[in-house]
Amino acid sequence: MAECEENRDADGEAFPWHLGVYDAHCHPTDTMASIPSLPDMKARILTVMATRAQDQELVAQTADTYGIRSGSVDSTPDVWSGEERMVPCFGWHPWFSHQMFDDSDYDGQASLDAETKILHYQTVLAPRRERLSDEEREVFASLPDPRPFSQFLDQTRRYLEKYPFALVGEIGLDRSFRIREAWIPEHEHHRDGSLTPGGREGRKLSPYRVHIQHQKKLFKAQLHLAGEMQRAVSVHGVQAHGIVFETIQETWKGHERKVLSKRERKRQTETLLSNANVGNEDRQEGIRSPKPFPPRICLHSYSGNPDAFKQYLNPAIPAEIFASFSTAINLSEKQDSGAPSALEDLIRLVPDDRLLVESDLHIAGPRMDEHLEDMVRRLCRIKGWGLSEGIERLGENWKMFVFGAKR
Ligand SMILES: [Zn+2]
């Protein structure tokens, strides 16, 4: 362990939390009892994701008490009061995508009757069966009543309007997961009452996956919503890095940036300078007006290999792409990119101004702080940054991700 550790050991330098450490992706509303500990945390602001039916309103309630009430790229940690601790994010995670149906496939129906519900699950779950056994019918009937996409998107739009700093997340695609079976009523008392319902907990794994095309429809609809509302998104991608990129790319088709030659850039700067006082509002309007793609995208706990990440470095991409890393996922044994050196190569490849840190933990408090400190130290070492320098850079990156460039 090079620089960061040495700093601490040699100088006895404590971790400079006061510079502001920001968690770019976490789920503390999975453990609501941990929420009152937010003001006691060392991390300054948490970016809190919603994932499913049960946590959207919990994230909103947490924002009512602990949400930030101001913010821009220039904000320093002390502009926020001790109670301003989080940024709410609203979105539907791919693990729960089967619990939603595309109402445009069902004549705009707001709910499905018992038979149609079974048909829905038969359609969106893989392996897809032509004929269902009685047992399979029973399993599908026991799954949650699916809700229409359009209703969820309307609800999310209302949350985004109500919380002007809210982002869209967690959304994405996942080829590795299997859905959990419903709790059998006799077993329900085994569940851990301190956890927000609807999560995976220890429920039995079913043999079913969710068809990637179904996941993609929901992912894309949420990307469009983020573009319409000009909010950043936090994206989950597991064993689906190619199709995550393709899906995002489809949203900005026709909006690619023209990559200018040196001479063209010079000419453009001259024009901008000569127009400095005219059309200023128009240009600003252009920045914030609705688009079909999100302005900023964070690939959270990014687990693709360096080559897959390189596609995001194309200068024609009209969105700003960030990548965040967590001890919980990126340093777990299961991560896709294999050896730790692959992770280091990847982190070196992420531009210095697009790197973020996250915990991805389901409980707020000291462990979340420890995870953040661990990953910040690693990022500093890999990037060759001093600890204070690294924390400041990561903080600036987080503000750029959440608030975007100055309006
Ligand atoms: Zn997550």
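Nothing fancy with the numbering, it's 1 onward along the sequence. Both ligands and their constituent atoms are indexed starting at 1 by order of listing.
For a distance bound of 2.8 Å, the N, O or S atoms of His236 include none lying that close to the Zn ion (ligand 1). The nearest N, O or S atom of His25 is closer to the Zn ion (ligand 1) than 2.8 Å.
Tested against His241 for a ring pair (Phe, Tyr, Trp, His ring centres under 6.0 Å), the candidates Tyr312, Tyr302, Phe309 yield a single pass: Tyr302.
Aromatic ring orientation, His300 versus His25: parallel (interplanar angle below 30°, classes split at 30° and 60°). The aromatic rings of Trp252 and Phe245 sit perpendicular to each other, their planes meeting at more than 60°, with 30° as the lower class boundary.
With Tyr66 as the aromatic partner, Arg85 does not meet the cation-pi criteria of under 6.0 angstrom to the ring centre and within 45 degrees of the ring axis.
Centred on the Zn ion (ligand 1), the angle running from Asp360 (OD1) to Glu170 (OE1) is recorded as 170°, rounding to 10°.
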